[in-house]
Amino acid sequence: MKKTRIGIIGTGGISHCHMMGYKELEAEGRVELVACCDIDGKKLDAFAEKYGFAKKYTNAAEMMKNEQLDCVSVCVWNSAHKDCTVTALRGGANVLCEKPMALNAKEAQEMADEAKKAGKLLQLGFVRRFGEDADAVKKLVDDGTFGDIYYAKATYLRQNGCPGGWFGDKEFSGGGPLIDLGVHVIDLTRYLAGNPKPVTAFGVTYDNLGMHRAESEQGWVVEQGEHPYTVEDLCAAMIRFDNGLTLSIEASFNLNIEGDVGDVQLFGTKAGTSVNQMRVLTTKDGKFITFTPEGEHSFRFGPAFVSEIRGFVDAAEGKRECLAPAEDGVWLMKIIDAVYESARTGVSVEIK
Ligand SMILES: NC(=O)c1ccc[n+]([C@@H]2O[C@H](COP(=O)([O-])OP(=O)(O)OC[C@H]3O[C@@H](n4cnc5c(N)ncnc54)[C@H](O)[C@@H]3O)[C@@H](O)[C@H]2O)c1
């Protein structure tokens with residue numbers, strides 16, 4: 001059987017998580033690690049050696065021209081997502097692009113259109129959809145445990161946790177904690193609630209605290225390097241969906257809060273839950289009760305990435321449906337655009 005030919009564009013931090021998955025598939029004889037690419041030659045050399053890629057490139061278009069790649073992971077900074085994804089799609093590959101899909105919805109739509117035109121799969125790096133916590137809650141949602149979910153709260157708050165470098169530079173990142181962290185929990189909420197269509201957003205952003213104030217208890221002390229810090233510290237927003245769901249979301253790089261917190265809470269007509277605690281609150285025989293579903297239900301970074309990569313290669317080979325399709329990435333970018341626009345104008349923004 002022909003092995004699926006793998007390429008990687010961007011060999012920084014997150015690409016190593018993708019490699020956990022590809023290495024497992026390589027060991028099973030399903031994929032061949034063909035080529036990797038980065039504009040930073042030093043990083044590229046170390047990456048190629050570590051994972052055994054025979055071919056390496058500093059230019060993605062050249063890689064796509066020379067190698068017949070079936071599946072490509074795009075792991076570059078946000079401002080390069082669109083160009084690298086379009087290059088890989090035009091070069092004949094299926095693409096897994098990291099989150100956020102792009103700098104804005106316009107770019108995201110162009111990427112989705114390009115995938116359609118090329119007849120290739122474009123999957124988004126919404127890794128939280130692949131967590132065991134998401135699986136456990138999705139099962140409960142699907143069997144009607146919660147009834148109608150009409151309210152949700154999603155938080156991803158760091159006390160002092162800008163990842164540094166380009167993450168704090170709007171030209172490269174598109175924004176701060178909303179587009180970097182909020183995107184994970186907004187998408188997870190939307191996924192768990194059955195992917196409803198967003199209709200309006202009201203949001204606020206603040207940049208009162210700056211990049212680095214003190215030693216963080218969580219150890220998020222990263223230098224900004226040559227990049228200016230030009231993103232928000234905090235974003236809070238209310239997003240309304242067409243099925244009646246309202247989501248309240250808070251995300252921060254910097255906030256005077258005692259420690260880092262993150263969760264998605266769902267509130268339905270029959271029951272509610274916190275995805276982090278995985279305790280379901282409901283009623284039975286006129287009394288409030290709580291229960292915890294059986295099985296594994298914590299979010300574990302490694303296994304979630306392995307499952308994401310496996311899901312991507314399976315979907316590219318037509319063995320199963322893609323769990324995080326391009327259209328969901330486009331909706332997410334529309335939400336993010338609307339929240340930033342609302343924060344700028346002070347009024348609620350319609351999402352179409
Ligand atoms: N899913 C998650 O949980 C998660 C976690 C962290 C980062 N991410 C996302 O992954 C992406 C990369 O983040 P990171 O932390 O790995 O960043 P990073 O800075 O460590 O790595 C990015 C790499 O991309 C390279 N690059 C930039 N433009 C390029 C181009 N045109 N061609 C080839 N290489 C190019 C850079 O040289 C760098 O090595 C971002 O979009 C980020 O939001 C996702």
Side-chain angles (χ1 to χ4, degrees), residues 7-21 35-48 50 53 56-64 72-88 91 95-104 107-108 111 123-131 134 156 158 161-188 220 222-227 231 251 253 262 299-309 311-312 324 329 332-333 336:
I8 308 284
I9 309 178
T11 61
I14 207 63
S15 62
H16 297 278
C17 296
H18 287 228
M19 289 314 299
M20 286 192 267
C36 54
C37 167
D38 202 297
I39 52 176
D40 178 334
K42 250 186 164 171
K43 261 192 206 171
L44 178 66
D45 289 348
F47 186 87
K50 179 170 180 177
F53 282 91
K56 48 191 181 184
Y57 293 86
T58 52
N59 180 300
E62 207 180 308
M63 176 174 86
M64 295 311 304
V72 168
S73 276
V74 170
C75 300
V76 296
W77 44 61
N78 303 348
S79 59
H81 281 191
K82 188 193 92 175
D83 284 354
C84 290
T85 295
V86 167
T87 299
V95 174
L96 169 57
C97 176
E98 261 305 337
K99 50 53 62 176
M101 187 162 179
L103 293 180
N104 52 51
E107 284 190 355
M111 293 157 72
Q123 179 169 321
L124 264 294
F126 292 141
V127 70
R128 293 297 305 260
R129 292 187 178 211
F130 294 86
Y156 205 143
R158 288 185 184 157
C162 174
W166 66 262
F167 282 92
D169 182 346
K170 199 170 172 189
E171 270 190 38
F172 284 72
S173 61
L178 173 67
I179 199 168
D180 184 44
L181 308 176
V183 70
H184 279 298
V185 286
I186 297 172
D187 180 68
L188 180 58
W220 281 101
V222 188
E223 293 311 318
Q224 194 58 27
E226 78 271 20
H227 289 277
V231 299
F253 280 163
F299 178 73
R300 295 182 299 156
F301 212 68
F305 270 97
V306 169
S307 169
E308 177 184 67
I309 298 299
F312 169 51
L332 239 291
M333 291 314 304
I336 285 166

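Counting starts at 1 for both ligands and their atoms, following the listed order.
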Report the residues that fulfil side-chain contact (heavy atoms from CB on, under 4.5 Å) with [X], sequence neighbours left out, ordered by chain and then residue number.
{"X": "E62", "answer": "Y57, N59, N66"}
{"X": "D180", "answer": "K99, P163, F167, F253"}
{"X": "L103", "answer": "N78, S79, E107"}

Item to complete: Answer with yes or no whether the side chains of E98 and H18 bring together a donor and an acceptor at under 3.5 Å.
Response: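 Yes.
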Worksheet entry | Option from I8, L44, V76, T58 for which side chain to side chain contact (heavy atoms under 4.5 Å, CB included) with D38 holds |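 One option only clears the test, and that one is L44.
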Could you pull out every N or O of ligand 1 that sits under 3.5 Å from a protein N or O, with the distance for each pair?
| unit_1 | atom_1 | unit_2 | atom_2 | d |
| --- | --- | --- | --- | --- |
| ligand 1 | 1 (N) | E98 | OE1 | 3.1 |
| ligand 1 | 3 (O) | H184 | NE2 | 3.3 |
| ligand 1 | 16 (O) | G13 | N | 3.1 |
| ligand 1 | 16 (O) | I14 | N | 2.8 |
| ligand 1 | 19 (O) | W166 | NE1 | 2.8 |
| ligand 1 | 20 (O) | G13 | N | 2.9 |
| ligand 1 | 34 (N) | I39 | N | 3.4 |
| ligand 1 | 37 (O) | D38 | OD1 | 2.6 |
| ligand 1 | 39 (O) | D38 | OD1 | 3.3 |
| ligand 1 | 39 (O) | D38 | OD2 | 2.7 |
| ligand 1 | 39 (O) | K43 | NZ | 3.0 |
| ligand 1 | 41 (O) | V76 | O | 3.3 |
| ligand 1 | 41 (O) | N78 | OD1 | 2.6 |
| ligand 1 | 41 (O) | H81 | NE2 | 2.8 |
| ligand 1 | 41 (O) | K99 | O | 3.2 |
| ligand 1 | 43 (O) | N78 | OD1 | 3.4 |
| ligand 1 | 43 (O) | K99 | O | 2.9 |
| ligand 1 | 43 (O) | K99 | NZ | 3.2 |

Practice prompt. Could you label the plane-to-plane angle of the H184 and Y156 rings as parallel, tilted or perpendicular, counting under 30° as parallel and over 60° as perpendicular?
Written response: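 Rings of H184 and Y156: tilted, 30 to 60°.
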